[in-house]
Visitor: 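The following block contains the structure, expressed as structure tokens.
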Amino acid sequence: MAFEFKLPDVGEGIHEGEIVKFYVKEGDSINEDDVLAEVQTDKAVVEIPSPVTGTVKKLNADEGEVVEVGSVLAVFDTGDGDDTVDEPTEEEGAADQDSAPAEAKKDKAPAAPAAVSGKQVLAMPSVRKKARELGLELTQVEGTGPRGRITFEDLENFQAGGTQQKETQPERVEESPVAEPKEEAAPAAVTHVPQGNEERIPLRGMRRTIAKRMAQSVYTAPHVTIMDEVDASEMIEMRKWAKPMAEQRGIKLTYMPFIVKALVAALREFPTLNASIDDEKEEIIIKKYYNMGIATATEDGLVVPVLKDVDRKSIFQLADEMRDLVTRTRDRKAGVDELKGGTFTITNIGSFGGQFFTPIINYPEVAIFGMGKMADRPMAVDGEVVIKPIMNISLSIDHRLIDGDVAARFLNRVKELLENPKLLMMEMS
Amino acid sequence: MVVGDFSTEVDVLVVGGGPGGYVAAIRAAQLGKKVTLVDKAELGGVCLNRGCIPSKALIHAADEVNKVKNASHMGIEVEGVRVDFSKTIQWKDEVVKKLTGGVASLLKGNKVEVVQGEVYFSGENTVKVATESNSTTYEFNHCILATGSRPTQIRSLPFDGEKIISSTEALNLKEIPEKLIVVGGGYIGLELGTAYAKLGAEVTILEGTDSLLPGTDPSMVRMVKRNLKKLGVTVVTNAMVQKADTSGNGVTVTAEVKGEEKSYSADKVLVSVGRTPNTDELGLEHAGIEADERGFIPTDKQMRTKNERVFAIGDIAGQPLLAHKASYEGKVAAEVIAGEPSEVDYRAMPFVIFSDPELAYTGLTEKEAKEEGYDVSVSRFSFAANGRALSLDAADGFFQVVADKETKQILGAQIVGPEAASLISEVVLAIEMGANAEDIALTIHAHPSLPETFMEAAEGIVGNAIHMVNK
């Protein structure tokens, strides 16, 4: 008997995933709960277990392909059921054929995608066209118009909350199965003309997600970055003092927990930096909880695991949890839940040697704090040049919500707390 | 390929210059493609030359005659109405000529190269085009097939073009036949039969099933039948035609009617039992394409055939065989070729029949809506309660709206009555826009006008119709 396995929603609200890897080929047998495939969602790589024991009859996607939740990912032959004649059912026959006639058959049952009934999604032709251009499945979009009609705004919001940016024109030109004659190049399309030896790598997986996220952030939030330098002498002293104690507890103490604590203290005073904008409803969401995103470089690219309730954790606790979370993130073992829910993000390029930079906000958050490398540098103290361990810090803000003066005062406060880490004790709740 | 047989490279090759093909060609050209269109006969295809346009011209002429003849109750007395049929045909030809000329200049204006010839596939992306004088091989990047359909011939009554004719000849008769037999009570036979009856012919319609317009809501067909009777048209249902004898002056058709053999005599027999797609002489197998058992080419939602460079649109791509469906599909195919994410995505296809009274329907019928899982609400407004219909002396018929009971969303409509073919457009728009009956009821419709009937029927769904008693 054939079993059609539809791609489940692998994480909350995710509506599509990219197939990173299949662990089986067509014709292979597989046991229930064995890993069938790895699927890259917006945030994490998730393993998809096989729902049944049987033979893989058909895999409906290639590695690298984006598959929508609810579409048939694989067809299994479970062997049970009909034990008389091994004749393919009509559906199987259709699935085995080449794509064109199979799809033509599907046409005759227009209700197929909606599954539940033949009822139509309420949307105007132009909205449906736009959805096709954006690659959105209308059945996934909630309509806010009268009686659930899907509007252009719904598409935009779905897209912003979901995953995709509009496919760009050049990509589409490349998708055309037949090479276009040169003079045919559409004048508006930015086509790339090779000037020398080059390699083309498909923009896939994490890199594509990162690319889309970054572009979404920059195109949505007007970024302003302000920068400053911090005299880290006191912080270094404090860490030196606390380090043996931490080690006794098996904890490796870095500067990050101090910075997290300083940021939380400042965020309390400047709540608009621990906020987001609900673009759909045009509301500012001030968050009364503090979940710190820690930008982490992994082999696949930048991932931001989230350390929850940092305001209620001790420095040691933070150090311990952070190390664990970051390690698991690097190994791509962090769960989807651990990769979302952040209210503010820290990015540290100091460990790689950078100084000042413009961090890109982890949208829909409204601010991000960047740390540069700590290094001995000359500083003027009371009219004299002294050598001090200096750390450069950067703060990017969403200028729609946060004004320059607020950002500057926030950064001043962070600086003050980092230069006098004892103050952090005063801020403890 | 023979040495010296050079092929001409074309970007988009469109085969067929009908409402599918020429529209696809123009759309592709608009999108920056270099397009070559090949047609074996004349631009405009069946629709312009042998279908929609000439038949509607003839139907209109017949209507005018009929109106004049039957205007005495309005106090209009006209004596000695005479039809100079050759002039009628001439006028019809002029209408056709204006439109085909328009197509030619539109194609030219969009820099579409037009070639006259017959197309035969010689490979996956090559065709041979046989023109009057020679044969040329074309190599295409993309091909859009739009070769349309032709009248279906039945073995017992093969067309001879003289006494046993198809719709093509029926539109080009030299004189009005005294007696005309129409085999097939579908829309083509019905339209032409009605027209000739109005022009004075004695018409008999022989239909094989138990109803005229098989597949159409019987309550709509009833109105049409009533008028056919008034016109003196004989309708014989369950009539299985056996043979025709053309030896004498006219033609005698023998049919088995409910087990009894009967014969009918006339000057001419119009056979209109359906249409056959023109896919049998294209050499499709050389392009890796296969037509189904009825000759239609399976396509996906983007009109792509099994050969991904080749698209099929219009009649050859399957039911319904309608010019406006062909044009729609032509635009989709052209846009897909240009890299746009177009696909067939209509909610409502309008069907119109220029019978008397006109019939039109779109979307779901009550029965279909129930099958799709809707809790259905139906409202019917009679043209007899519409001022404009009465003042047009055309109060027969009704405007029926099918809606979802819960959301009041418009799902379909069935119209029989004056200008039904025009009135249906508003319903198609309503369905595409996802409008509900309240939207229509709240939209002011001009008074007095026929479209008011849509508003009233919609009000009936909402439960506040003024000019009928709400259920």
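Letters A, B, ... are given to chains in the order of the sequence lines, protein chains preceding strands, and every chain is numbered from 1. Note that these values count all heavy atoms, side chains included, but never hydrogens, waters or copies made by symmetry.
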Visitor: Heavy-atom pairs under 4.5 Å with chain B: which of A:Met124, A:Arg132, A:Lys129 has the most?
Guide: A:Arg132

Visitor: Heavy-atom cut-off 4.5 Å, strictly under: side chain, backbone, both or neither for B:Glu438 against chain A?
Guide: side chain

Visitor: What residues form a salt bridge (Lys or Arg N to Asp or Glu O under 4.0 Å) with A:Arg128, not counting sequence neighbours?
Guide: B:Asp345, B:Glu432

Visitor: Between B:Glu290 and chain A, with a heavy-atom cut-off of 4.5 Å, which part of the residue counts as in contact: side chain, backbone, both or neither?
Guide: neither

Visitor: Please look at B:Ala317 and chain A and tell me whether the side chain, the backbone, both or neither of the residue comes under 4.5 angstrom of a heavy atom of that chain.
Guide: neither

Visitor: Counting only heavy atoms not in B:Glu406, do more than 12 sit closer than 6.0 Å to its CD atom?
Guide: no

Visitor: Just how far is it from atom CZ of B:Arg347 to atom CG of A:Leu122, taken to the nearest 0.5 Å?
Guide: 7.5 Å

Visitor: Starting at CZ of A:Arg149, measure out to CG of B:Asp439 and round the result to the nearest 0.5 Å.
Guide: 5.5 Å

Visitor: Within a radius of less than 6.0 Å around CD of A:Glu142, do more than 12 heavy atoms belonging to other residues, nucleotides or ligands occur?
Guide: no

